[in-house]
Amino acid sequence: MNRFNQLISPRFVYRCLNRLLPWCLSFSVILLLLGMGLGLFGVPPDAQQGDGFRMIYIHVPAAFLSLGIYSIIFCCSVIYLVWSLKIADICAKASASVGALYTLIALISGALWGKPMWGTWWIWDARLTSELVLLFLYWSYLGLRLSIREEKRAAKAAALLAIVGMIDIPLIHFSVEWWTTLHQGATLLKFSKPSIATEMLIPLLIMLAGFSFFYGTILCIRMRSELLKREWRSLWVSEIVLNIQLNTKA
Amino acid sequence: MILNVLYSVVCRDITLYCQRRGEWVVPLLFCVMMVTLFPVILRSDAILIAKWGPAIIWLAVVLSLIWSLEAVFRLDYQEGILAQFVMSPYPLPLLMVAKLVAHGIVIGLPLLILAPLLGFLLQLSPAVLSALGLTLLVGIPSLMLVGALGAALTLGLSQGGVLLAVVVFPWMIPVVLFGIQAVMSVANGGALGAEILLLLAMLIVLLVTVPKAIATALKISLG
């Protein structure tokens, strides 16, 4: 247990994040550039959708990670509520705004893609609606955190909110699906996922990895600053701050 | 023993609500005003009103219920009674359910009676009216449970009511969707089908899980 405590001490985590950051950053830049290059120029246009299909390389990674990050927040929240590990809460807090951003990117890119392909920016389809509700879940999480001044209460209340929200996601999806299947059949949205060709799949996977590393980069930066903010009383923080001041003067 | 305690909690809350009439009269007024606004907007177009009337009434009930739920814990929180509840030897989830029962009797029941009357005003058919009453009978307790969880999380915050609505909104979507869907299918000449059963199933699941979550949230909010 002692060893474990050492592993999660703020100072150690800060150092790890410092180490990880350049790797995450370089990987995300390389992978995103490579994926975009391949996706834009390397892959032939789609037989039906032409060049429009290239939106997939933004849309799918963002949509995938929007849900993935919410599950990370959920796991962190459970860990925080059960073992009250502060690092878990910091991770959840740092993840939430990136998750909301990815959800927004997924919605906007989806709208841009939908206009030429389906002839409409937006349609109240099950998947679109549940993605929108996911955005609302992120917003209510962020809103609750913003509204509670007291650090500990904000952390715990937000954790509970995230857990209830996670349980709610399948319910929402199911209810929305039920509602759309009653209201309208698949008229516009006969868009069953095609088994994608391998040469189109590879840039998609690269972009997915790039988006993940980008999330990791932002996570490192935000967790670092949050750690400094919360531990401002401790010695190691003042050492770091002093070092930075000395460097800038020299 | 425990039943006596719960009964006394219910009685106490009802007495308090009788003393502070604003807390349950104002949401009811809000509900009535919101529903009467719609025929004016729809220019008393009978077809449109008949089509959308049930959904409008459902929405009005949902909104007034959310606004009313902010008050469930407010006074007890300010006077420190809530801390006593948390420290008492009796199970906190059950005590909170008792409080919600009192709230249901004082605000839920009048809303339940009011909804068909408002439906009468919108000239809905008897079949639709009964479907409206039935779905609200199942829907209101679910909404109250979910709303009370939001109220427990946002206890004593300055943004209070609006924050509560924002927090609770995503959780209420399934209940509201199924409730409105059930009434609309009756209004379109169908029968009350699987939706009401799904609503009932959701109520049972919420009844088992949410009180515990409310208790946890209260403990978090009280620190």
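Counting non-hydrogen atoms of other residues, nucleotides and ligands closer than 6.0 Å to CZ of B/Arg20 gives a total above 12. A 6.0 Å sphere centred on CZ of B/Phe85 holds more than 12 heavy atoms belonging to other residues, nucleotides or ligands. More than 12 non-hydrogen atoms from other residues, nucleotides or ligands lie less than 6.0 angstrom from CD1 of B/Ile41. No more than 12 heavy-atom neighbours from other residues, nucleotides or ligands sit within 6.0 angstrom of CZ on A/Phe64.
We find the CG-CG distance between B/Leu177 and A/Leu171 to be 11.0 Å, quoted to the nearest 0.5 Å. Note that the CG atom of B/Leu153 and the OG atom of A/Ser140 stand 10.0 Å from one another [nearest 0.5 Å]. One finds the CG atom of B/Leu198 at 5.0 Å from the CZ atom of A/Phe174 (value rounded to the nearest 0.5 Å). The line from CG of A/Leu81 to OG1 of B/Thr216 is 8.5 Å long, rounded to the nearest 0.5 Å.
Residue B/Leu218: no heavy atom, backbone or side chain, is found under 4.5 Å from chain A. B/Ser185 does not touch chain A: none of its heavy atoms, backbone or side chain, sits under 4.5 Å away.
Annotation: maximal heavy-atom pairing with chain A below 4.5 Å, among B/Leu222, B/Val166, B/Ile173, B/Ile220, occurs at B/Ile220.
Residues A/Ile172 and B/Trp171 form no side-chain contact, since every pair of their non-hydrogen atoms from C-beta on lies 4.5 Å or further apart. Taking the side chain as every heavy atom from C-beta outward, A/Arg153 and B/Leu157 approach each other to under 4.5 Å. For the pair A/Ile169 and B/Pro170, the minimum side-chain heavy-atom distance is 4.5 Å or more.
Smallest separation of non-hydrogen atoms from B/Leu149 and A/Leu160: CD1-CD2, 4.4 Å.
Using bins of under 30°, 30° to 60° and over 60° for the plane-to-plane angle, the ring pair A/Phe136/B/Phe169 lands in the perpendicular bin.
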